[in-house]
Amino acid sequence: MSASESVLPPDRLAPLVDADTQRQAARLAQGAFARVFRLSVAETERVRHKGVEELRAELSQWAASAADGEARALRLALLLTGMDQWGLAWSQAFGLVAIPGLSELVGALRTGLDATQEARFLRHFEDLGAAEENAIDFKVELRRGLHLALWHSSIATESRDEALRLAGHLGSQLLALTRAMPVAGWRLVADALAFIQIRCLADGLAAEGVGQEATQALFGALARELPAEQRDLVMAHAARAVIAWQQASRGPTQVH
């Protein structure tokens, strides 16, 4: 079966947490990471502890609002997986040794679990990595946010070396994704490239200078490093998504 014909099996976690809830979990994890990161780098220890406790209460309440114990455990696993991936990506990209607020938040979310809840959480945490189709809508939303954030970081810096380094790190992340997710990975890469192009067109980003060079370097590296079949699929899929966005943004054609 070629990559273009590959289809993921059904998401076996969807009966517990549907697609909309999975996407919500990814957005909550992204927002929580952004808050604990700011608390870790810009606030005093007292303010950080207070902010982490507020976040713990918010996230715990969201997880606890699920219908049963299994769904609550999976919601918590999604949140912690998402925050962990954000922390790992940011630590690798920016050479961070530790993000204190993140460690405190993750620990606080697990501290209140009893033995049964902990066992359920660990089982679902492992489920997420056991098959790429498990919680696929969560994974797509999570990676989209991560990839765009890394790209924004690469074009926001005035240092050419830093911009190219961050673009290279993003490229490595995208290539690794095609290996970790052999069926759906190329679609996530195409999704990232499409969203980057749409942001450039919609907001005039990376139109010149260092940002443009970093973005061109990213696209060029992927074109070189992806296997030919994957490269063609990625570029064609991204191009179709951009064209669809352009057509939608122009609105319905008037017929007189």
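On a predicted model such as this, the values are computed, not experimentally measured, just so you know.
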Strictly by modelled atom types, are [X] and [Y] linked by a side-chain donor-acceptor pair under 3.5 Å?
X      : Y      : result
His49  : Glu45  : yes
Arg165 : Ser159 : no
Asp84  : Thr81  : no
Gln24  : Trp62  : yes
Arg72  : Gln117 : no

Exercise for review: For the residue pair Arg143 and Gln85, establish whether any side-chain heavy-atom pair is separated by less than 4.5 Å.
Suggested key: yes
Review point. Do Phe195 and Cys200 pass the side-chain contact (heavy atoms from CB on, under 4.5 Å) test, and can you show the C-alpha distance, the side-chain angles, and the key distance before you say yes or no?
Key: CA-CA 9 Å; Phe195 266 73; Cys200 289; over 6 Å; no
Exercise for review: Sequence neighbours left out, what passes salt bridge (Lys or Arg N to Asp or Glu O under 4.0 Å) with Arg12? Give chain and number order.
Suggested key: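 Checked Arg12 against salt bridge (Lys or Arg N to Asp or Glu O under 4.0 Å); matches are Asp127.
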Check your understanding: Of all residues at least two apart in sequence or in a different chain, which pass the salt bridge (Lys or Arg N to Asp or Glu O under 4.0 Å) check with Glu58?
Key -> Arg35
Revision key, fill the gap. Of all heavy-atom pairs linking Ala71 and Leu16, the shortest is CB-O, 3.7 Å
**Study point:** Other cluster members, Leu201 - Ile/Leu/Val/Met/Phe/Trp/Tyr, side-chain contacts below 4.5 Å
**Key:** Ile198, Val242, Trp245
Review point. How far does OG of Ser91 sit from CG of Leu96, to the nearest 0.5 angstrom?
Key: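 Here the rounded value is 5.0 Å.
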Check your understanding: Can Arg160 and Glu213 be counted as an ion pair, charged N to O under 4.0 angstrom?
Key -> yes
Point to revise | Sidechain N-carboxylate O distance under 4.0 Å for Arg27, Glu141 | key: yes
Check your understanding: So Thr21 and Asp137, side-chain contact (heavy atoms from CB on, under 4.5 Å) or not? Walk me through it.
Key -> CA-CA 9 Å; Thr21 306; Asp137 291 283; over 6 Å; no
Exercise for review: I would like to know whether Arg187 and Val234 meet side-chain contact (heavy atoms from CB on, under 4.5 Å); could you show each step before the answer?
Suggested key: CA-CA 7 Å; Arg187 290 183 179 274; Val234 164; over 6 Å; no
Check your understanding: What do the steps show when you test Arg75 against Glu70 for salt bridge (charged side-chain N to carboxylate O under 4.0 Å, His left out), and what is the final call?
Key -> CA-CA 9 Å; Arg75 283 192 179 201; Glu70 291 294 336; over 6 Å; no
